[in-house]
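Below is one structure, written out as structure tokens, with a few remarks after it.
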2 protein chains.
Amino acid sequence: MAAASRPTIKDVAARCGVHPSTVSRALSPAMKHLVADDVADRIKAAANALGYRLNMAAKGLRTGRSGLIGVLAPDIADPGFPPVLSGITDHLNAEGYATIVVDVGSNGSEQDLVDRLIARGVDGLVLATVTLRDDVVKHCLDAALPVVLVNRVDAAGQLPSAASDDVAGMRLAVEHLVALGHQRIGHVAGPQHVSTGARRRAGFEASVRDAGLSARHTPVETVEAYTRAAGREAALRLLARRIRPTAIVAANDLLALGVYDALAVRGLACPHDVSVVGHNDMPFVDMVAPPLTTIRIAQRDMGEAAARLLLARIAGPEAASEHIVLAPQLIIRGSTIACGH
Amino acid sequence: MAAASRPTIKDVAARCGVHPSTVSRALSPAMKHLVADDVADRIKAAANALGYRLNMAAKGLRTGRSGLIGVLAPDIADPGFPPVLSGITDHLNAEGYATIVVDVGSNGSEQDLVDRLIARGVDGLVLATVTLRDDVVKHCLDAALPVVLVNRVDAAGQLPSAASDDVAGMRLAVEHLVALGHQRIGHVAGPQHVSTGARRRAGFEASVRDAGLSARHTPVETVEAYTRAAGREAALRLLARRIRPTAIVAANDLLALGVYDALAVRGLACPHDVSVVGHNDMPFVDMVAPPLTTIRIAQRDMGEAAARLLLARIAGPEAASEHIVLAPQLIIRGSTIACGH
DNA sequence: CTGAAAGCGCTAACAG
DNA sequence: CTGTTAGCGCTTTCAG
């Protein structure tokens with residue numbers, strides 16, 4: 001029956017015949033040492049008996065720290081993101097923080113979403129958002145809000161970030177293909193306004209150059225979005241070239257699946273006619289036909305690193321902005337094969 | 001420079017020469033009608049100029065409503081969940097709520113996580129958690145916390161829920177197979193302590209019975225978890241039976257991929273030797289080899305329906321607990337084929 | 001229509 | 001070691 005509203009610190013105090021602040025101290029690990037052990041025990045017992053729970057909103061109002069972290073995601077449903085998110089939330093949860101996840105694609109402007117998060121008093125932000133136009137970042141900096149980037153880096157490199165080594169990843173892909181004898185390698189590049197797109201492209205170009213391949217033999221087609229359909233279109237353009245590539249490396253797995261689609265359209269077989277390499281090692285790309293050779297990135301670690309970075313930022317005032325770069329790994333499967341030529 | 005902390009309602013009031021409560025009224029859509037239009041305009045202008053943002057924690061403390069909703073997920077990284085989550089958060093965001101997502105698998109007990117959410121003052125909970133042991137549900141009810149289930153129903157059916165029609169889905173699968181001439185159909189059943197596992201199994205059994213197939217010809221193997229490995233083991237057991245099935249319907253796509261693995265182990269070809277049907281239509285199951293015939297469930301809609309249900313629960317006191325059931329859809333791809341016999 | 005006053009639940013000085 | 005006091009930023013009576 002006693003569907004009474006949540007008990008407060010006052011109720012506990014009354015039941016123990018002590019002052020509310022004593023209860024507050026007894027229940028706070030940091031201040032517990034200021035209260036007699038027997039009293040503290042009595043208080044804890046009473047709190048348990050009453051089913052007392054700390055009211056974080058009240059605490060936050062008082063202390064100015066909410067224990068809330070905002071995560072801005074480009075698209076929650078993107079299969080690449082969940083592992084990152086999981087890494088973020090797990091670490092944050094373990095440290096007593098709760099995570100508010102916002103999907104940027106859907107509602108309102110990013111600015112707006114950030115403002116709503118600020119209104120909720122978030123202690124910091126993890127940005128996994130696609131486009132790093134300065135305005136959002138600037139907006140956060142203006143608000144003196146700790147911010148870290150995940151799976152992204154900003155152009156100026158002024159924000160802490162946790163990301164995979166995109167350049168090294170592309171090098172892995174290109175060198176694998178070159179070792180297989182491929183001389184004509186195309187690249188389906190991701191959106192150039194996001195760091196993964198730009199850096200992977202740069203990595204591709206540097207690697208093919210280092211391998212001694214000419215630009216003519218290493219064409220690049222850029223997409224506007226990381227979608228399977230965009231990958232298909234770009235690959236079709238690549239395949240229509242005078243000098244047809246014998247291998248294509250895509251800026252991510254979704255794009256690579258689009259490359260598969262394009263190959264099917266053209267009646268070409270993978271890997272027989274064209275080898276394909278993806279990037280990210282999304283769940284189940286080992287099950288597609290043929291199993292996709294790809295660059296595995298440490299998504300969960302990335303999320304965890306970002307969380308750790310953010311917490312450090314929140315704790316220490318202005319530690320030099322750190323960039324955590326995670327090593328990628330080549331996963332060889334069935335979509336790459338030695339070149340016939 | 002003025003990196004001053006966030007302006008409050010008081011700052012705005014001072015700047016306008018009015019009382020803080022007037023500012024509060026002017027800025028609250030519901031109370032705006034109590035303040036002169038010109039004053040309201042002046043206040044809004046000043047608020048904008050100062051970059052004032054409402055402090056939700058303070059508001060929540062006062063009103064008792066936080067505008068926060070908790071979502072308990074079994075495993076964020078499970079590829080089936082993101083679309084549901086996205087449906088939930090989008091709808092909630094649009095209604096001004098923020099969503100705290102908690103991964104149950106990782107830290108602490110579910111009870112604990114719920115308590116932490118309660119401490120944060122959530123206005124309600126969406127439970128997408130696997131096991132519906134009464135204790136968690138009871139715990140929420142005791143706390144008088146509005147709760148809805150998504151992709152799950154509780155045994156007693158006392159909680160509002162949004163879920164796919166699992167029985168109908170299995171009927172779709174079985175009838176498809178029967179129409180193809182299959183007479184020996186096995187089922188890899190999901191965990192029986194979660195509603196999808198139990199209901200899909202029930203749906204399977206009812207459907208094969210209605211199709212006139214005997215129990216001997218429709219063996220069932222149950223797994224303890226929705227994993228690819230578990231699906232593989234269960235399928236191996238099914239294939240080792242005296243009467244080998246010519247088709248297997250799995251309780252979900254992950255399990256179905258495990259069935260693929262088992263088939264490969266046994267040197268059997270899908271669909272030639274054994275047809276396979278999945279459930280859920282996870283992203284990219286159209287790309288595996290062979291493309292998986294499956295039952296598509298309306299995941300995004302499910303999330304949205306759950307959000308709507310929860311909001312209704314929060315608004316209206318005790319509306320009769322509603323069950324939204326979404327119609328599934330058979331997606332025929334390459335993993336099912338007419339039976340030779 | 002606007003001001004005054006009180007208080008949501010908690011913590012952080014400051015006394016004692 | 002414990003009680004007192006004040007106040008975080010906001011809403012909401014109650015007056016006027």
Side-chain angles (χ1 to χ4, degrees), chain A residues 4-44 46-47 50-68 96 118-123, chain B residues 4-44 46-47 50-68 96 115-116 118-123:
Chain A
S5 57
R6 284 169 62 193
T8 77
I9 215 172
K10 242 183 193 160
D11 300 320
V12 179
R15 201 177 212 263
C16 292
V18 298
H19 194 270
S21 20
T22 306
V23 175
S24 171
R25 289 191 270 252
L27 265 26
S28 154
M31 296 292 147
K32 191 178 51 210
H33 67 106
L34 292 176
V35 44
D37 286 355
D38 57 328
V39 179
D41 290 346
R42 220 153 36 88
I43 290 175
K44 281 181 190 167
L50 292 177
Y52 168 77
R53 302 285 149 207
L54 180 57
N55 181 327
M56 294 297 264
K59 173 183 178 149
L61 186 56
R62 186 63 241 250
T63 62
R65 304 182 69 268
S66 64
L68 248 27
I118 291 179
R120 292 222 125 85
V122 293
D123 294 334
Chain B
S5 57
R6 284 168 61 193
T8 78
I9 215 173
K10 240 183 193 162
D11 301 321
V12 179
R15 200 177 213 263
C16 292
V18 298
H19 195 268
S21 29
T22 305
V23 175
S24 171
R25 289 191 270 251
L27 264 27
S28 155
M31 297 292 147
K32 191 177 51 208
H33 66 106
L34 291 176
V35 44
D37 286 355
D38 56 329
V39 178
D41 289 346
R42 217 151 39 87
I43 291 175
K44 281 182 190 167
L50 291 177
Y52 168 77
R53 301 284 149 209
L54 179 57
N55 180 328
M56 295 297 262
K59 172 182 178 151
L61 187 55
R62 187 64 238 255
T63 61
R65 303 183 68 268
S66 64
L68 248 27
D115 278 343
R116 287 176 58 172
I118 291 178
R120 290 223 125 84
V122 293
D123 294 333

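Note on naming: letters A, B, ... go to the chains in the order of the sequence lines (proteins, then strands), and numbering restarts at 1 for each one. Source: prediction; values computed, not measured.
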Checklist entry - Which whole-number value in Å describes the distance from B:R65 CZ to D:dT12 C1'? => result 16 Å
Next on the checklist: In whole Å, I'd like the distance from the CG atom of A:L61 to the C1' atom of D:dG7.
Outcome noted: 9 Å
Checklist entry - Of all heavy-atom pairs between A:A26 and A:A40, which one has the smallest distance, and what is that distance? => result CB-CA, 4.1 Å
Checklist entry - Looking at residues 33-44 of chain B, who's got a heavy atom less than 4.0 Å off DNA chain D? => result none
Next on the checklist: To the nearest 10°, give me the bend of the helix from C:dC1-D:dG16 to C:dG16-D:dC1, comparing the axes of its five terminal pairs at either end.
Outcome noted: 40°
Item to check | Distance in angstrom units between B:L27 CG and D:dT12 P, rounded | outcome: 14 Å
Next on the checklist: Rounded to whole Å, please give me the gap between NZ in B:K10 and C1' in C:dG3.
Outcome noted: 15 Å
Checklist entry - How would you label the contact of B:T22 with the nucleic acid (heavy atoms, under 4.0 Å): base, sugar-phosphate, or nothing? => result sugar-phosphate
Item to check | Result of checking A:V39, A:I43, A:D11 against A:C16 for side-chain contact (heavy atoms from CB on, under 4.5 Å) | outcome: A:I43
Checklist entry - What is the minimum heavy-atom distance between B:R6 and B:R53, and which atoms define it? => result NH2-O, 3.4 Å
Checklist entry - For B:I9 and D:dC10, what is the distance between atoms CD1 and C1' respectively, to the nearest whole Å? => result 6 Å
Checklist outcome for this item: Smallest heavy-atom separation, B:P20 atom then B:K10 atom, equals CG-CG, 4.2 Å
Checklist entry - Looking at A:A13 and A:H19, what are the two nearest heavy atoms and their distance? => result CB-C, 3.9 Å
Checklist entry - In whole Å, what is the span from the CG atom of A:N55 to the C1' atom of C:dG9? => result 6 Å
Checklist outcome for this item: Considering only heavy side-chain atoms of A:A58, the closest of C:dT11, C:dG9, D:dC10 is C:dG9
Checklist entry - Below 4.5 Å, heavy atoms only, C-beta onward: do B:Y52 and B:V23 meet side chain to side chain? => result no
Checklist entry - Okay, side chain of B:R120, backbone of A:G67: is any donor-acceptor separation there less than 3.5 Å? => result yes
Checklist outcome for this item: Heavy-atom nearest nucleotide on DNA chain C taken for B:P20 and for A:P20; more 5' hit belongs to B:P20
Next on the checklist: Over all strands shown, is B:T8 touching base, sugar-phosphate only, or nothing at heavy-atom distances under 4.0 angstrom?
Outcome noted: sugar-phosphate
Checklist entry - Looking only at atom types and distance, does a side-chain atom of B:S28 sit under 3.5 Å from a main-chain N or O of B:S24, one as donor and one as acceptor? => result no
Which atom pairs link the protein and nucleotides 4-7 of chain C when you take only N or O atoms and keep those under 3.5 Å?
unit_1, atom_1, unit_2, atom_2, d
C:dA4, N6, B:S21, OG, 3.4
C:dG7, N2, B:R62, NH1, 3.3

Checklist entry - Do B:L50 and B:V12 come within less than 4.5 Å of each other through their side chains, counting heavy atoms only? => result yes
Checklist entry - For the residue pair A:R65 and A:D123, what are the closest heavy atoms and their distance? => result CA-OD1, 3.5 Å
Item to check | Heavy-atom pair with the smallest gap, counting every atom of B:V35 and B:R25 | outcome: CG1-C, 4.3 Å
Next on the checklist: Please report the distance, rounded to the nearest Å, between CZ in B:R120 and C1' in C:dG9.
Outcome noted: 15 Å
Checklist entry - Any side-chain heavy-atom pair from A:L68 and A:M56 closer than 4.5 angstrom? => result no
Item to check | Nearest-Å distance for atom pair CE/C1', residues A:M31 and C:dA13 | outcome: 11 Å
